[in-house]
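Comments concern the structure below.
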Amino acid sequence: MGGGFYISKFVGVVGIVFGAGAVATVIALAVVYSQEVAKNEAVNPTNGGSTIKPPVTTPGGSTVKPQITTPVIPTTAPSNEPWDKYRLPDTLKPDHYNLTLWPRLTVNAQGLYIFTGKSYVVFQCVKETDLILIHSNKLNYTKWEDDHLAKLSALGSTPAPTIKKSWLQPTTQFLVLELNGKLAVGESYQLDTVFVGELADDLGGFYRSVYTEEGEEKVVATTQMQPTDARKAFPCFDEPAMKAIFHITLLHPPTTVALSNGMEHAPVEVTEEGPEGTVRVWRTSFDETKKMSTYLLAFIVSDYDYINSTNDNVLIRIYARKKAIADGQGEYALNKTGPILKFFEKYYNATYPLPKSDQIALPDFNAGAMENWGLITYRETALLYDPKMSSNSNKERIATIIAHELAHMWFGNLVTLRWWNDLWLNEGFASYVEYLGANEAEPDWNIKDLIVLGDVHRVFAVDALASSHPLSSREEDIQKPEQISELFDAISYSKGASVLRMLSDFLSEEVFSTGLGTYLNTFAYDNTVYTDLWDHLQMAVNSTGTSLPTGQTVHSIMNRWVLQMGFPVVTINTTTGLINQQHFLLDPSTAGSVPPSDFNYEWIVPIRWMNTGFVQQQTWLEDKTANKPEMAVTGNNWILANLNVSGYYRVNYDNTNWERLLGVLSSNHESIPVINRAQLVDDAFNLARAKYINTTLALRTTKYLRSEREYMPWESALDNLDFFYLMFDRSEIYGDMQTYLKYQIEPLFKHFGNITENWTEVPTGHMDQYNQVNAIRVACSTGMEECQTLTKGWYSQWMKDPTNNPIHPNLRTTVYCSAIAAGGAAEWEFGWDQFKAATIAIEADKLRSALACTKQPWLLNKYLEYTLDANKIRKQDATSTIVYIASNVVGQSLAWDFMRDRWNYIFTQYGGGSFSFSNLINGVTKRFSTEFELKQLKQFQADNSEVGFGSGTLAVSQSIERTTANIKWVAENKDSVQTWFRTEVPKE
């Protein structure tokens, strides 16, 4: 899955009549009232009123109270029964499913969107048992003649045992069948069910997404199964190792389009009986799938259009809203998918395993994208590109997310990890090779370098905390759906990507891809653990004669990076040639609270380095300390280690070498590679925070920037200075910082004014386009009059003629923000109107972030209220909008008060499983640096301990740790920072 995650929601219950081909007793459907129902209630749940739902009357006239009427065994004390455990027993193995689903795209008599379904699964008994457990969540079942929730039959000559008892176990999400006899080992059985569920707007399982086209509201029925929501769509053995073949059929309104993992057959018109009477529908069946995991299933019914092409006998189709397709917004994705697929076929030495690759853009989708096999789902901003509206960063996001998802077609889908504790390998791998795939699609961008800013530096910040965690978890520690959801974090994605890039670098890409090829070939359509990949990479090392340090293997080197948290700082003394490593902690005083490691927080570290501009032979640090005489230098010579930041570690030097490097930056910065200029800045600021070097030494790495024109060093410096802004933008230091940065940015601002013919052209280079945005953003935010006049002028020109936007898409986010910050209610309301009118999600996103830039507290409060109204801000965007507001110094305290006040509502409405909660908690608290804020944060944790924090649980403790460190840092550094900025500010 690409960046982000799904949302699930607590479900209440209402009744529904469902007639389908079984002799049935009607059972009430476990559903939540949709927002459409909730918003008609007298009490607004956000106003602290009651949220109890009224009873509902079924068409038959009986009143059903909102509670589950399917048999439910209450769980009092923890039990050792199999149905009270979260994992499936190892007694049954599915072979294939036959599933028919009928989503209703209009509300029923109770005001609900529902889907009905019938399915059977054929499974084999592999260990004798008298119990069947199959996952089921928020589904209700039609009873069969024997009054049970399912029908069991044998496919062999021995009859199946009868069912003794059947019930739903909501906590562990099982449908439980106790049998009157044993299932026989080696025999196959069939389990039939008829069921109904709600097509809710909760972005998980089988759900609905709503959009408006030409004034008409349209509903899409779509899916998001990963990690544990296939069980919300139909009863299934919902674990990644339970691979099976799926035969899918969808019933849907005539003229709508039905899609699934397999290629669709032509729809057949049929009449079906439902609670609404006799209905004419289309029935679309699909080719059977390959043997695959449940979390990769997808089925979608929509009124969409598509464009297509064929690449080496693979049909490539891009589906989207009709207007988006008519406007050509799918063309970029269509043109790039073929070359990226071709690249991965070569990289993996394995042909694409399916006949088609469908990609579909959804209006409501909580992740960035999801790698469903053969039918990849995307948020609209991750797939649709419009050259008139989209920036180059939008284009880059689309290219990298497409590459990320296509990488999974082999790595993750063809070969799947056995359990979620190894998720890091699946997502970390795709997060690394997405840069390789995107580089194939856009070779002029140098995009492979950007992994250093986008992943390595990003995750260093989290992995340097004492509350970090290792990449690999123990299988027994990851059991519940919410524990699985917590794994979808920066460590899994970005640290996973960083250490795999390091591994590929020291083995060589050729050896790495050779090992990958044999791994994928050996385990096709099967499941693995992460060490299976190490075995295959070691085989490639052996067969190619690749050298590793004596006595070391891929396993022994990588265990240190995978099984213990954190990373080292390598310190090089260039006077003596002595080097050593130490576990890098942002706050050294937390060392005592770090859990013990079998490897004592020592790593086997590959070191690429240069001496005074000349690249040297790679060396290794295998112990805590080592003597490397070749790294001792004299005179003006200097050492630079971790070239291109290919290793996952930071580097510190003796003071003399730091001074030489600062001298090189100021006199001849281009003799240091551009990635390493970014690294020097980032390492220095973080080493200063961890008290390895003085803060003023770190600040001095920014002095040379007046002569720097490259994007990566500037971005690295601005990212790090952002911390200073967070700590000091409410203090007296702020003015001196602003003056210093305005002075530093001035030459860059003038440079871009010159090369763009006074802002009328677009710079040619991809990174130059990014740096042009930095120049405008910083110049305007530091109060450069020339810049503010420029941005206000563009925005007011647009306000006068709303149909003709004069601002280049690359510059819109920063120009909108600058103009709305400098303006008042008129500028904000114009921005809001344009947001509502935007016909492409990419443009709406730019406006949505810019609306948070206003300096008017009342407007920010109004905007916060909008975030919890799904008619104004889509559910998928709510948490990121609150974070945007919190990033604004004026909005910080407003967002924090709002989040605390509404936590119960946000958490229950937006789902305990949502990946966004960690982003929300971290985003709203990142400025915290006072004892008062720490006290409030701890109170927030205590007050909501019963409600919970879902996937944000770890983020709360990380925020407390970060705030404690911030308080100490400010106390220790405030005076020296103030003096430094004051001294460095040029005298007028």
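No hydrogens, no waters, no symmetry mates; every other heavy atom, side chains included, goes into these values. Position 1 is the first residue of the sequence, and the numbers go up from there.
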Requested in this report: Quick one: list whatever passes side chain to side chain contact (heavy atoms under 4.5 Å, CB included) with Glu710, sequence neighbours left out.
Outcome: Val674, Arg677, Glu708, Pro713

Query raised in the report: Parallel, tilted or perpendicular: which describes the rings of Trp980 and Tyr740, with under 30° parallel and over 60° perpendicular?
Result: perpendicular

Query raised in the report: Any idea which heavy atoms bring Cys787 and Ile776 closest together, and the distance?
Result: SG-O, 3.2 Å

Report task. Verify ring-ring contact (aromatic ring centres under 6.0 Å, His included) between Phe728 and Trp969, making sure each step is shown before the conclusion. Result -> CA-CA 11 Å; Phe728 296 129; Trp969 186 87; 5.7 Å; yes

Query raised in the report: How far apart are the closest heavy atoms of Gly566 and Tyr648, and which atoms are they?
Result: O-CE2, 4.1 Å

Query - Stepwise salt bridge (charged side-chain N to carboxylate O under 4.0 Å, His left out) test for Asp505 and Arg608 - result: CA-CA 10 Å; Asp505 182 75; Arg608 296 198 180 279; 2.6 Å; yes

**Report entry** Asn754 atom CG, over 12 foreign heavy atoms within 6.0 Å
**Finding:** yes

**Report entry** Validation row, ring centre Tyr435 to ring centre Trp445 under 6.0 Å
**Finding:** no

Requested in this report: Quick one: do Glu732 and Lys974 satisfy salt bridge (charged side-chain N to carboxylate O under 4.0 Å, His left out)? Show the steps, please.
Outcome: CA-CA 10 Å; Glu732 67 278 20; Lys974 187 175 179 181; 3.5 Å; yes

**Report entry** Worked verdict on Leu425 versus Leu471 for side chain to side chain contact (heavy atoms under 4.5 Å, CB included)
**Finding:** CA-CA 8 Å; Leu425 183 57; Leu471 274 170; over 6 Å; no

Report task. Take Thr625 and Asn580 through the side chain to side chain donor-acceptor pair (under 3.5 Å) test and state the conclusion after the steps. Result -> CA-CA 4 Å; Thr625 59; Asn580 70 66; over 6 Å; no

**Report entry** Beyond-backbone contact of Thr979 with Thr696, side-chain heavy atoms, under 4.5 angstrom
**Finding:** no

Query raised in the report: Under 30°, 30 to 60°, or over 60°: which ring-plane class applies to His404 and Tyr493, parallel, tilted or perpendicular?
Result: parallel

Requested in this report: For the pair Ser556 and Gln552, evaluate side chain to side chain donor-acceptor pair (under 3.5 Å) and give the outcome as yes or no after the intermediate values.
Outcome: CA-CA 6 Å; Ser556 66; Gln552 301 294 355; 2.6 Å; yes

**Report entry** Single hit among Phe460, Tyr649, Trp603 for ring pair (Phe, Tyr, Trp, His ring centres under 6.0 Å) with Phe567
**Finding:** Phe460

Requested in this report: Spell out, as yes or no, whether a donor-acceptor pair under 3.5 Å connects the side chain of Gln892 to the backbone of Val924.
Outcome: yes

Query raised in the report: If you measure from CG on Asn421 to CG on Leu487, what distance do you get to the nearest 0.5 Å?
Result: 8.0 Å

**Report entry** For the student: nearest non-hydrogen atoms of Thr576 and Asn627, plus distance
**Finding:** O-OD1, 3.9 Å

**Report entry** Heavy-atom neighbours of Gln617 CD exceed 12 at 6.0 Å
**Finding:** no

**Report entry** Crowding at NZ, Lys703 (>12 non-hydrogen neighbours, <6.0 Å)
**Finding:** no

Query raised in the report: After noting the C-alpha distance and the side-chain angles of Glu442 and His766, does the key distance pass the side chain to side chain donor-acceptor pair (under 3.5 Å) rule?
Result: CA-CA 10 Å; Glu442 297 286 0; His766 182 66; over 6 Å; no

Query raised in the report: When you look at Lys742 and Glu746, which way does the salt bridge (charged side-chain N to carboxylate O under 4.0 Å, His left out) test go after all the steps?
Result: CA-CA 6 Å; Lys742 183 160 91 173; Glu746 189 185 25; over 6 Å; no

Requested in this report: Could you pull out the closest heavy-atom pair between Thr695 and Ala688, with the gap in Å?
Outcome: CA-CB, 3.7 Å

**Report entry** Six-ring centre of Tyr743, Arg706 cation under 6.0 angstrom, axis tolerance 45°
**Finding:** yes

Report task. Describe, in one word, how the ring planes of Trp658 and Tyr653 are oriented to each other, choosing from parallel (under 30°), tilted (30 to 60°) and perpendicular (over 60°). Result -> perpendicular

Query - Spacing of Asn966 atom CG and Asn973 atom CG [to the nearest 0.5 Å] - result: 11.0 Å

Report task. Under the side chain to side chain contact (heavy atoms under 4.5 Å, CB included) rule, what do Gln738 and Tyr725 come out as? Steps first, then yes or no, please. Result -> CA-CA 9 Å; Gln738 287 282 79; Tyr725 273 94; 2.6 Å; yes

Query raised in the report: Among side-chain atoms of Asn774 and Arg777, is any donor-acceptor pair under 3.5 angstrom?
Result: yes

**Report entry** Phe512 and Leu537: CA distance, side-chain angles, deciding distance, side chain to side chain contact (heavy atoms under 4.5 Å, CB included) verdict
**Finding:** CA-CA 6 Å; Phe512 188 72; Leu537 291 172; 3.8 Å; yes

Requested in this report: Determine, stepwise, if the pair Arg650 / Asp682 fulfils salt bridge (charged side-chain N to carboxylate O under 4.0 Å, His left out).
Outcome: CA-CA 9 Å; Arg650 294 199 181 279; Asp682 196 67; 2.8 Å; yes

Query raised in the report: With side chains defined as the heavy atoms from C-beta onward, is the minimum distance between Asn652 and Phe584 less than 4.5 Å?
Result: no

Query raised in the report: So, the side chain of Asn676 versus the backbone of Asn642: is there a donor-acceptor pair under 3.5 Å, distance only?
Result: yes

Query - Pairwise distance CG(Leu578) to CG(Asp654) - rounded to 0.5 angstrom - result: 11.0 Å

Query raised in the report: So, the side chain of Trp638 versus the backbone of Thr656: is there a donor-acceptor pair under 3.5 Å, distance only?
Result: no

Query raised in the report: Considering only heavy atoms from C-beta outward, does the side chain of Trp609 approach that of Ile572 to under 4.5 Å?
Result: no

Requested in this report: Would you check, one step at a time, whether the test side chain to side chain contact (heavy atoms under 4.5 Å, CB included) holds for Asp729 with Arg927?
Outcome: CA-CA 9 Å; Asp729 63 5; Arg927 207 181 242 101; 3.0 Å; yes

Query raised in the report: What do the steps show when you test Arg501 against Ser498 for side chain to side chain donor-acceptor pair (under 3.5 Å), and what is the final call?
Result: CA-CA 5 Å; Arg501 172 175 173 260; Ser498 304; over 6 Å; no

Query raised in the report: Hey, do the aromatic rings of Trp424 and Tyr530 have their centres closer than 6.0 Å?
Result: yes

**Report entry** Minimum heavy-atom distance Thr764-Gln769, with the two atoms named
**Finding:** O-NE2, 3.5 Å

Query raised in the report: So how far is it from Thr782 OG1 to Leu741 CG, rounded to the nearest 0.5 Å?
Result: 6.0 Å

Query raised in the report: Under 6.0 Å from the NZ atom of Lys935, do we count more than 12 heavy atoms belonging to anything else shown?
Result: no

Requested in this report: Report yes if some heavy atom in the side chain of Trp620 is under 4.5 Å from a heavy atom in the side chain of Ile557; otherwise report no.
Outcome: yes

Query raised in the report: If you draw a 6.0 Å radius around CG in Asp477, do more than 12 non-hydrogen atoms from other residues or ligands fall strictly inside?
Result: yes

Report summary line: Between Ala490 and Arg458 the two heavy atoms that sit nearest each other are CB-NH2, 3.9 Å

Report summary line: In this structure, CD1 of Ile579 is separated from CG of Asn573 (nearest 0.5 Å) by 11.0 Å

Query - From Thr574 atom OG1 to Asn637 atom CG, the distance as rounded to the nearest 0.5 Å - result: 10.0 Å

Report task. Return the set of residues passing side chain to side chain contact (heavy atoms under 4.5 Å, CB included) with Ile967 (not counting sequence neighbours), or none when no residue passes. Result -> Glu931, Leu934, Thr963

